[in-house]
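For clarity, every value in this text was computed on a predicted model and none was experimentally measured.
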Amino acid sequence: MKKLILLAALSASSASFAHSQNDGSHLQFSSDDCKVNFQNDVRITPDELLITKNNDQGKLRITDNGALFINGEKVTLNTDQQHAIMDYADELRGKLPQVANIALEGIKIAGVALDEVAAAFELQEFGSLSTLLEEVRVEVSDTFYQQGAFVMGEKTFNDFGNNFEQQFEERIESAVEGAMMESIGSILMAVGSQMISSGGDMEKFEQRMENMGQQIEEKVEMQARNIEQQAHALCDQFAVIAKAEDQLKQQIPALSGYQLFTLKN
C-alpha cells in the first residue's frame, strides 16, 4: 500500500511527459502528436537567430534589426520583406523556448507529487528522488540552453518527447526503490499512526490510504492537464509557423531549404 501511493503520485506527475492510451488524459509532448516535422537546427540569442541546415550545409542569420545573411552574405530586402523576416524571427523567439518551458513545468509537477507524499507521511524529504528531479531539470535545461543561447535541432525535437518518457519513468522507478529504503522507518511509523487513528480497523485504514492516494493524484493530474493543453496549443502554433514559412519562402526565395517546420501529410 505504501509503495502503491508513492507510485500513484509519481505516475501522475510523470503524466506531464507520458501518454495514457486508455483514457487519453495525460500529456505526450512528442513530435508524433504535432502536425509538423521539425528540421534543421536553430540557435537564438538576444542579438541574432541562426538556422543551420542539416549536415552544416548552409547557415541563415537574422540579426536583431532584421538584417538577413545567407552563408555570411547579406541579402538585400525591401521594406515588406524586412518586416516579414522580423515578424518571423519574433515568432520563433516567442514560441520555440516554450518547448523547454513545458518540459521544465512537468518536472515541477513531479516535485509537487513528492511534496504531497512527504507531507502525507510526515517526512522531511525523499533524498534520492529529490536528487533525481534536480538532475533531470538540469539535463533538460542544458539540452535547450547552451552558452547563453536557446538551441533546438531536428534530433532534439524528435528524440526528446519519444525517448524522455521511457528514460524518465525508468529512473523514477529506480529512485522510488531507493527512497523507500531511505524512508522506510519513517513511513512505517506514519502508517502505524494512521492505523491507530483508524482504531485498528484494517478496512477503514485501507480506505484512508486509497483516499490519500486519490487526492494526491487528482491534484497532480489537474496540473498535468494544464500543461497538456499548453503542449497541444503549441503544436497548433507550430503548424501556423509552418504555413507562414511557406509563404515567406515565396516572398524571399533565398530562404528555401532553411524552414524549420514542414506540415505532415
Side-chain angles (χ1 to χ4, degrees), residues 17 19 27-103 105 140 143-146 149-164 227-265:
F17 296 104
H19 172 70
L27 164 67
Q28 181 186 19
F29 192 71
S30 163
S31 59
D32 291 340
D33 284 342
C34 284
K35 300 174 183 178
V36 297
N37 292 313
F38 189 88
Q39 61 185 18
N40 298 325
D41 299 319
V42 62
R43 180 180 180 87
I44 301 174
T45 69
D47 299 326
E48 66 180 20
L49 186 149
L50 180 67
I51 296 176
T52 305
K53 286 184 179 180
N54 291 335
N55 301 321
D56 202 26
Q57 294 179 346
K59 295 183 182 296
L60 176 151
R61 182 165 65 94
I62 304 172
T63 66
D64 57 352
N65 61 2
L68 173 65
F69 295 83
I70 303 289
N71 294 324
E73 296 185 7
K74 188 173 183 179
V75 178
T76 301
L77 303 174
N78 61 36
T79 301
D80 290 341
Q81 289 173 327
Q82 188 166 30
H83 286 163
I85 203 71
M86 291 182 69
D87 289 343
Y88 172 62
D90 288 344
E91 191 74 3
L92 294 181
R93 288 179 181 277
K95 296 298 188 299
L96 291 181
Q98 292 183 36
V99 175
N101 293 342
I102 288 173
E105 282 299 314
V140 171
T143 295
F144 292 102
Y145 295 97
Q146 301 174 12
F150 173 83
V151 297
M152 196 163 107
E154 179 178 2
K155 187 175 188 301
T156 302
F157 185 77
N158 290 334
D159 288 354
F160 183 77
N162 295 333
N163 295 336
F164 190 81
I227 296 183
E228 179 181 17
Q229 292 172 359
Q230 294 179 43
H232 287 315
L234 185 58
C235 284
D236 290 341
Q237 291 164 4
F238 285 161
V240 173
I241 292 176
K243 294 176 182 178
E245 285 183 325
D246 285 340
Q247 296 174 356
L248 191 60
K249 184 173 60 176
Q250 294 177 11
Q251 190 175 0
I252 309 174
L255 299 180
S256 181
Y258 287 97
Q259 60 266 36
L260 295 176
F261 297 101
T262 58
L263 291 170
K264 291 182 178 179
N265 296 326

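When every heavy atom of I70 is checked against every heavy atom of A254, the shortest pair comes out as CD1-O, 3.9 Å. Summarising the geometry of G58 relative to N71, their closest heavy-atom pair is CA-OD1, 3.3 Å, with the distance given to 0.1 Å. Between N65 and M86, the shortest heavy-atom distance links the atoms O-SD, 3.8 Å. Taking every heavy atom of both residues into account, A84 and L248 meet most closely at CB-CD1, 3.6 Å. The shortest heavy-atom contact between T63 and R61 is CG2-NH1, 3.5 Å.
Partners of Y145 by ring pair (Phe, Tyr, Trp, His ring centres under 6.0 Å), not counting sequence neighbours, listed by chain and number: F150. Taking the side chain to side chain contact (heavy atoms under 4.5 Å, CB included) definition, one finds that D64 meets it with D47, sequence neighbours left out. Checked against salt bridge (charged side-chain N to carboxylate O under 4.0 Å, His left out), K59 has the following partners two or more places apart in sequence or in another chain: D56. For Q81, the side chain to side chain contact (heavy atoms under 4.5 Å, CB included) partners are L77, N78, Q251, I252, not counting sequence neighbours. For K95, the salt bridge (charged side-chain N to carboxylate O under 4.0 Å, His left out) partners at least two apart in sequence or on another chain are E91. When the salt bridge (charged side-chain N to carboxylate O under 4.0 Å, His left out) test is applied to R43, no partner is found at least two apart in sequence or on another chain.
L255 pairs with exactly one of L60, I51, I62 by the side-chain contact (heavy atoms from CB on, under 4.5 Å) rule, that one being L60. Of the listed residues (H83, E245, R93), just one forms a side-chain contact (heavy atoms from CB on, under 4.5 Å) with Y88, and that residue is E245.
A distance of 10.0 Å separates CD in Q237 from CD in Q230, rounded to the nearest 0.5 Å. To the nearest 0.5 Å, the span separating CD on Q57 from OG1 on T52 amounts to 11.5 Å. From E228, atom CD reaches atom CD1 of I102 across 11.0 Å, with rounding to the nearest 0.5 Å.
Between the side chain of E48 and the backbone N or O of I44, no donor-acceptor pair lies under 3.5 Å.
Side-chain contact between D41 and V151 is absent, with no heavy atoms from C-beta onward closer than 4.5 Å. Between L96 and L260 there is a side-chain heavy-atom pair separated by less than 4.5 Å. With contacts defined as side-chain heavy-atom distances shorter than 4.5 Å, the pair Q259/N40 does not qualify. A heavy-atom distance below 4.5 Å is found between the side chains of Q39 and T262. Residues L49 and V42 form a side-chain contact, since some pair of their non-hydrogen atoms from C-beta on lies under 4.5 Å apart.
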Worked verdict on N37 versus F261 for side chain to side chain contact (heavy atoms under 4.5 Å, CB included): CA-CA 6 Å; N37 292 313; F261 297 101; over 6 Å; no
Can you check side chain to side chain contact (heavy atoms under 4.5 Å, CB included) on M152 and F38, steps first, answer last? CA-CA 10 Å; M152 196 163 107; F38 189 88; 3.6 Å; yes
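Figure legend: cation-pi geometry between K35 and F238 absent, as NZ or CZ is not positioned both under 6.0 Å from the six-membered ring centre and within 45° of its axis.
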